[in-house]
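Right, one structure below, let's go through it.
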Amino acid sequence: MAVRFRAVLAILLALASLGLSTPTRVVSLPTGMTVVPRVAPQGSSQVTVSGGGCASDVHVTATAFLFPGTPTSATDQTVTPGQAGTWSAVFSMPSAPAYVIATCDGVTSAPVVVAPSDVFTGSMSYSALTPTEIEITTSPLQDGSDFTIFDTSGNVLGTAVESFGTATVRLSRSLGPAQVIAVGLRQRDRDIDLPYVPFARQVQLPLPSQPSIVVEPRVTAMDNTVMASGNCSGLPHLIVTGQAAGWHDIPPVYLDVVLLADASGNWMTLLPMPPIPSTATVRCTQGAVTESAVILISPSSGLLMLSGERDGSGVLVTIPNVISPERLVAFTAGGARVPIAIEAIVSNGVQARLEPQGVPVRIVIVGIETLGENATARQNSRVQGWAIDVGSITDGVSTSGLVPARRLSLPSGVACCPEPAVRLPMP
């Protein structure tokens, strides 16, 4: 043991003789440091820094920094611990994010960031969103630091430790809509003369649940009554716009109504099927937050006609100028869902396979059509409907080499559940 100690000491002396120094120790104090609160209103709120296990006086500093700007001292004080080694210091919450450190017995604590909740310190957006979860990610962060999300009352909603410069916190959507505060330590730039750079950002959470819209039936004869329904945790605004005629045309509006949702957020209304393929959008608003859900609908006549090729139990069709082919949906003229699968991307569109069941039937395909690039266009895409009249399809007749017995199937729950929102440019 003595030999090892002398070897380590020799290395340290050699480094010192070369003008080099060992890294500063950044560890927790012997029994830790507590900072309360970490998020609170500036000025009127008192931040208490406390700890224990210190034999010598404790030097407590808090350095505030609002990027870009000049660092300012929020507190710089020395306190004497009690007989048990416990100590505490108090200062006012600064007007900018600050990092707090304490030193005693030659040991320096890891920095803890505090931030004012009532001062605008910048904003950031959540990085991902699902029907049930919000993901908040940021980088580049200081090695080993924490990234923590607080509500405006200073309660911790979630925290994560930096890994490879990045940290991600996942929150429940049930928290929204609300503003929360993300607090952490960012990696410093070369021109910032600070060992640590504190930051705080406001994040606007989305609605507590994903808006939804269902139209039944989605395909039927023009002017037939259809029912639109869905869920909205705020105020639902239903807008039905028809297919734009071209690049510079404004889509016709067939319905624009603000509805009332019940206590569970459910809403419902009746409307006639528009005369052309249309987009039904529900905009759900609560406070300053608005989210949308979109569904495409179409009459069963007056559409672009397609020709097809029989293929065992189905029929192959080529659909021109399609955007997002995975969003194509097919129905009978009466509104019954028809299985559809994309077989190939071809030069003029996509080749799809349909499987109507039984007798001769008209199939209506609804999707999004590109209008081509135009820098001055109001829209470069629009909702479109295609139709194909097919005869009875029987197994065993194949002209494409596909397995005749292979059957497509509809997604589970398709009769009840809305599809993910289709994004179309709004006028």
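We're numbering straight along the sequence, starting at 1. Hydrogens, waters and symmetry mates play no part in the numbers below; they use all other heavy atoms, side chains included.
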- Using the disulfide bond (SG atoms under 2.5 Å apart) rule, collect all pairs that involve residues 125-212, keeping only residues at least two apart or in two chains. none
- For residues 243-262, pull every pair meeting salt bridge (Lys or Arg N to Asp or Glu O under 4.0 Å), keeping only residues two or more places apart or in separate chains. none
- Query: With E162, which residues qualify under salt bridge (Lys or Arg N to Asp or Glu O under 4.0 Å), at least two apart?
  - Reply: none
- Taking all heavy atoms of S127 and all of T137, pick out the closest pair and write down the distance. OG-OG1, 3.2 Å
- Just wondering, do W386 and P320 contact through their side chains at under 4.5 Å, heavy atoms? yes
- Kindly indicate whether the side chain of F65, heavy atoms from C-beta on, has any atom under 4.5 Å from the side chain of I192. yes
- Query: Of all residues at least two apart in sequence or in a different chain, which pass the side-chain contact (heavy atoms from CB on, under 4.5 Å) check with R201?
  - Reply: M124, F199
- Item | Contact list for residues 263-274, test side-chain hydrogen bond (donor to acceptor under 3.5 Å, both in side chains), sequence neighbours left out | N231-N266
- Of all pairs that satisfy disulfide bond (SG atoms under 2.5 Å apart), the ones with a partner from residues 154-270, not counting sequence neighbours: C232-C284
- Note on the structure: Contacts satisfying side-chain hydrogen bond (donor to acceptor under 3.5 Å, both in side chains) that involve residues 60-70 (not counting sequence neighbours) are none
- With H59, which of T78, D76, T103 fulfils side-chain hydrogen bond (donor to acceptor under 3.5 Å, both in side chains)? D76
- Item | Note, T132 side chain near S172 side chain (heavy atom, < 4.5 Å) | no
With a cut-off of 3.5 Å and sequence neighbours excluded, list every side-chain donor-acceptor pair involving residues 41-54.
unit_1	atom_1	unit_2	atom_2	d
S45	OG	P41	O	2.9
Q46	NE2	S92	OG	3.0

- Item | Pairs meeting criterion disulfide bond (SG atoms under 2.5 Å apart) with involvement of residues 238-278, two or more places apart | none
- Note on the structure: Across all chains, not counting sequence neighbours, the salt bridge (Lys or Arg N to Asp or Glu O under 4.0 Å) partners of R38 are D146
Result block: side-chain N/O donor-acceptor pairs under 3.5 angstrom for residues 368-376, not counting sequence neighbours:
unit_1	atom_1	unit_2	atom_2	d
E369	OE1	R382	NE	2.8
E369	OE1	R382	NH2	3.2
E369	OE1	Q384	NE2	2.9
T370	OG1	G372	N	3.0
N374	OD1	T376	N	3.0
N374	OD1	T376	OG1	2.9
N374	OD1	A377	N	3.4

- Within residues 130-140 or reaching into it, pairs that qualify as salt bridge (Lys or Arg N to Asp or Glu O under 4.0 Å) - sequence neighbours excluded: E135-R170
